[in-house]
Amino acid sequence: IFFRCYFCSISSAMHKIQLILYGVFAFSTLLWATPLDPMLPASAYKLPDFFSVLVFPIIDWNFRFQRPQHFAAGMARMGTPVYYFQVSFRKEQVPGKYRILARPEKNVHLVHLNCEFNAIYNRRLPASDIFCMTSAIKSMVQGEKIRATITIVDYPHWFPIVERIPDNFVIYDCMDYHPGFDAINGAPVQTSLVETRLLNFSDVVVTTSDALSEAVRVPNTLIRNAGEYSFFSGGTPGYWSVSKPVVGYVGAISHWFDATMVAAAAKKFPEYEFILVGAHVDANLSSIEGLANVQYKYEQPYNRLPNMVASFDVCLIPFAMNHPLSRFTNPVKVYEYLSAGKPVVATAIRELEIAVPPLVHLAHTEAEFARLVGKAMEERVDDRLKSTRQSWAKTQTWDTRVQDLVTVVNRKLPLVSIIVLTCFPDDGLFDLLPSLQSTNYPAIEILIVNNGMSSTSMRAKLDEYAATHRNTRVFHQSQNMGFAGGNNVGIRHAKGEYIAMVNSDVVVTPGWLLRLVRHLRKNPHIGIIGPVTNRIGNEAQIDLGEYTSKQDQLAQQRVAEYTSKRVNKLLYVHMVAFFCVLLPRAVVDKIGLLDEGFRFGFFEDDDYCQRIRLAGYSVAIADGVFVWHEEHKSMDQFNATGKQAVFDRNKIYYEKKWGAWKPHVYRR
């Protein structure tokens, strides 16, 4: 529309090209904005109900209202509880505890951790404070009844805390190029080292600019900054008591601020008033000191910004092009300025060249910057240009960015198909199923294979269960297909990216699946993984001491203590027993189904792990994942003689394939 209205009035060929770019860019803006898939269900833009979000920020909530607070508030508006930690700490009467300071918005909780540490960005966390903060967060998780967490980390020095939180999906929101900060306690190298660990540990890495996306050198998702369109488009002019046209800047005035650009424009246009709003930190302002038409205003409350920006005639982004941070920054203020429909003049930093060149005047030199300020001033009364800028800004909102982030999280938690065989009425299935349904994982399907039970009442009971649980399907077999054959039935019908095989005599713990999936996603060389348990004939068995049952509080406490200390620990082994295992569908597709030459039970797991290792994968036990197991309950259909016969027959079959069988061993 802009192109059609204005093309005929422009004689300069360069102006015609510029207008074409305006039109094309307005039409294709969503190509830059990582558009949401319109075919995704509404649930793709909402986090599962059992998740709470923990925000480990770089600024306190009541400091500048920026990206960390916008992400937190956006997720809270979706109904997700959000716990936003303070970046400064104070040791109170009970160290290692927490306190909810305030609830500034619905579902947002500001949390103070009772520890001695001064501030997260002052220095590396000492071991005593890591223990104190971890204890405080554990206390908060229990006190607030948090089931599972999604953690957003904004600053790398939180990492020693984050890596110790169980059942935790980690997002590193990489907003800054940390080597470029020469004021981080004089030790940017230290920050870079801990950031490398965080980058490799995180489930999702998000970057804010094209240059940052390249610099992190790990797979990442580019989610740029945004603006509160409705907030900044509603400002009221007249804030400044100035009779002259106003050229303004809002934001931090620090070492990346190029005052020489402002000075060139202020000297060229003494009839304009230049107003710079923001805190001054290590900025070289010598070039504009003493200029009568330049005035400073200290940092103002966030709620005043719309009226300030509305009262500017032209807005500035004078970042130093040769500063190490400028190349990596995606300026939030460009979204805020354009939401107000203002003409913008900026230095030609990389993100503005990539993102919005037709909407912003970009300068490479002081003279060009000054000239463009004059050009922008001429455009301030052009309503069509204002509409074009605002039309673009309307698509670049924080709510859209939050939806993008939630979509990325949901895609990183792929469907898992859980296959369960049931052979006789009292095999523990209806103890297992409630624990599966309580799994803290958003995308599961349960495939129950009735492995030859002919009982009409049991078949009806299974069908009724599936009818009342949308994520469950039942497959009735006319005869017992054996362990391998029954699981193969489930595998053939599985839709998941990952496949779990779980015995009916198992009871899982809430975080089991999230932890196993995380291990496989972070370690693609692992072809199959299993948990530790109370009872099994190999290295997966751990010693819980004496206890009466899995409901025993002391036993549960021992499990929690054992797994919490080993959240990220893996034990590489020769084989994992198939009482509970998880493997990628891609591995099954590569090596094939279980060998049905093994009858009923025994040795199928040895055989399959052998095939997995020969295909080049590792076999592992996740020491931080525990499930309860009643060993061999599914084999109770046989007497002792029958069990031994099955064992001996399958051992002969195994050794014909692989040679002498290596007996299982317990861990030392």
Side-chain angles (χ1 to χ4, degrees), residues 416-437 439 444-455 457-466 469 471-496 498-508 512-513 516 528 530-531 533 535-537 540 575-583 585 588 592-609 627-638 642-643 646-647 650:
V416 177
S417 301
I418 303 173
I419 300 167
V420 183
L421 304 189
T422 182
C423 303
F424 59 97
D426 193 25
D427 62 1
L429 175 68
F430 287 96
D431 291 326
L432 166 65
L433 290 175
S435 71
L436 291 180
Q437 298 292 0
T439 294
I444 64 171
E445 62 166 1
I446 300 172
L447 289 74
I448 302 173
V449 179
N450 171 11
N451 210 10
M453 277 193 299
S454 58
S455 166
S457 61
M458 275 303 298
R459 284 177 171 246
K461 188 174 182 180
L462 292 174
D463 290 337
E464 181 183 359
Y465 184 88
H469 294 81
N471 63 352
T472 303
R473 292 180 283 160
V474 175
F475 303 92
H476 296 290
Q477 306 302 301
S478 59
Q479 61 181 358
N480 192 320
M481 306 288 291
F483 183 86
N487 275 291
N488 285 344
V489 170
I491 291 172
R492 290 188 186 99
H493 289 89
K495 300 176 181 177
Y498 293 92
I499 294 173
M501 289 177 275
V502 182
N503 277 7
S504 59
D505 55 3
V506 163
V507 172
V508 300
W512 73 286
L513 190 54
L516 290 180
I528 192 166
T533 189
R535 190 176 175 194
I536 194 64
M575 65 84 64
V576 286
F578 276 24
F579 67 96
C580 179
V581 291
L582 181 72
L583 70 164
R585 178 73 198 218
V588 177
L593 299 172
L594 278 67
D595 187 345
E596 296 184 22
F598 296 96
R599 298 296 298 160
F600 297 112
F602 301 121
F603 292 95
E604 301 94 339
D605 40 15
D606 295 84
D607 174 79
Y608 207 71
C609 288
V627 303
W628 297 96
H629 182 217
E630 298 295 330
E631 188 181 15
H632 292 319
K633 192 169 184 179
S634 59
M635 295 295 290
D636 284 349
Q637 58 188 309
F638 300 102
K643 286 182 185 178
V646 173
F647 181 93
N650 284 355

Report the relative orientation of the aromatic rings in Phe578 and Phe483; use parallel for angles under 30°, tilted for 30 to 60°, perpendicular for over 60°.
->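 Tilted.
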
Aromatic rings Tyr465 and Phe430: how do their planes relate, parallel, tilted or perpendicular, breaks at 30° and 60°?
->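 Rings of Tyr465 and Phe430: perpendicular, over 60°.
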
Once you round to the nearest 0.5 Å, how far does [atom1] of [X] lie from [atom2] of [Y]?
X: Leu436; Y: Asp431; atom1: CG; atom2: CG; value: 11.0 Å
X: Met501; Y: Ile419; atom1: CE; atom2: CD1; value: 6.5 Å
X: Ile446; Y: Thr439; atom1: CD1; atom2: OG1; value: 7.5 Å
X: Ser455; Y: Lys461; atom1: OG; atom2: NZ; value: 10.0 Å
X: Asn487; Y: Leu447; atom1: CG; atom2: CG; value: 10.5 Å
X: Asp463; Y: Ile448; atom1: CG; atom2: CD1; value: 9.5 Å

Can you check whether [Y]'s main-chain N or O pairs, donor with acceptor, with [X]'s side chain at less than 3.5 Å?
X: Thr422; Y: Leu429; result: no
X: Asn650; Y: Phe603; result: no
X: His476; Y: Asn450; result: no
X: Asn451; Y: Met481; result: yes
X: Arg459; Y: Met453; result: yes
X: Glu604; Y: Phe602; result: yes
X: Glu445; Y: Lys495; result: yes

Flag if over 12 foreign heavy atoms under 6.0 Å of CD, Glu464 =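 Check fails, neighbour count at 12 or below.
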
Smallest separation among heavy atoms of [X] and [Y], with atom names:
X: Arg599; Y: Asn480; value: NH2-O, 4.2 Å
X: Ile528; Y: Cys609; value: CG2-SG, 4.3 Å
X: Cys580; Y: Val502; value: SG-CG2, 4.2 Å
X: Gly496; Y: Ser417; value: N-OG, 2.8 Å
X: Ala484; Y: Leu594; value: CB-CB, 3.8 Å
X: Thr472; Y: Ala466; value: O-CB, 3.7 Å

Could you tell me whether the side chain of Tyr498 reaches within less than 4.5 Å of the side chain of Val588, counting heavy atoms only?
->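 Not in contact.
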
How would you list, by chain and number, every residue that makes a side-chain hydrogen bond (donor to acceptor under 3.5 Å, both in side chains) with Ser454, sequence neighbours excluded?
-> none

Please lay out, stage by stage, how Ile491 and Ile499 fare under the test side-chain contact (heavy atoms from CB on, under 4.5 Å).
-> CA-CA 7 Å; Ile491 291 172; Ile499 294 173; 4.1 Å; yes

